[in-house]
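Right, one structure below, let's go through it.
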Amino acid sequence: MKWKDLVYQAIIDHCNKKGSRTFSLRNFLDDKIYFFSSLKPNNRHIEEKVRQQLQFLRDSKLINFLDYTGNYTLVASDLLDYEKREVQHIDLSKEKPDRREYIIETYVRKAKWVKMAKQILGYYCIFKNCRNTFIQEDGTPYIEVHHIIPLCHGGEDSMWNLSVLCAHHHRMAHFANKSVKERVQKFLLKEVALRIK
Ligand SMILES: [Zn+2]
Ligand SMILES: [Zn+2]
């Protein structure tokens, strides 16, 4: 197997294991360095080699730079194993309100408010310079619609309260610590207000 394919397969495996498409170079190397050195025992520059392959994978649009701190995101059109599992075993009645809201937003794609938000705000994450997406079977970029103020906290399905986010930033909006969540909420309210004016 070529180095590039090897690294790509290892990334898919790594993402499946941690249950996220987002990964850092550091954690990826920690997870896979022994695997690579066992396959290429004569190579003394594995880390450099892997970094170089990440470049190539980026050029081929198989992974994206997520930010400037060494975080990447896997860009593949297939559902990863953990994502298939996630969709199959959802029992909404057992979820806490915040988590339930996130799940509904993520998997209920036909609702009127989802269509409306995409039509008006577009198909790219509202965070500046965020290109974290992949192309779906129907040819459109993948995007998630988010209620800035959650329905369970009195938010509503109105344009001022809807935003479009990539999977990473959507999780961040729901599951980051309180101060980050508040900053995201402020930013989104402001940004959406500007766009729908
Ligand atoms: Zn949301
Ligand atoms: Zn984003």
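Whatever order the structure lists them in is the order used to number ligands and atoms, beginning at 1.
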(message) Less than 6.0 angstrom from the centroid, inside 45 degrees of the normal: does R131 satisfy that with respect to the ring of Y124?
(response) yes
(request) Please note down the angle at the Zn ion (ligand 1) between NE2 of H174 and ND1 of H146, to the nearest 10°. (result) 110°
(message) Restricting to N/O/S atoms, is H168 within less than 2.8 Å of the Zn ion (ligand 2) or not?
(response) no
(request) Apply side chain to side chain contact (heavy atoms under 4.5 Å, CB included) to I135 and T140, showing your working. (result) CA-CA 6 Å; I135 302 302; T140 59; over 6 Å; no
(request) Please state whether the separation between the Zn ion (ligand 1) and some N/O/S atom of E105 is under 2.8 Å? (result) yes
(message) Whether R21 engages the ring of F134 as a cation-pi pair (distance to the six-membered ring centre under 6.0 angstrom, angle to the ring normal within 45°) should be assessed.
(response) yes
(request) Report yes or no: does H170 have an N/O/S atom closer than 2.8 Å to the Zn ion (ligand 1)? (result) yes
(message) Tell me whether K32 forms a cation-pi arrangement with F35, defined as NZ or CZ under 6.0 Å from the six-membered ring centre and within 45 degrees of its axis.
(response) yes
(message) For the Zn ion (ligand 2), give me the closest N/O/S atom belonging to H169, just the atom name.
(response) ND1
(request) May I ask you to check whether F36 and W3 place their ring centres under 6.0 Å from each other? (result) yes
(request) Rounded to the nearest 10 degrees, what's the angle SG of C130 makes with SG of C166 at the Zn ion (ligand 2)? Could you check? (result) 100°
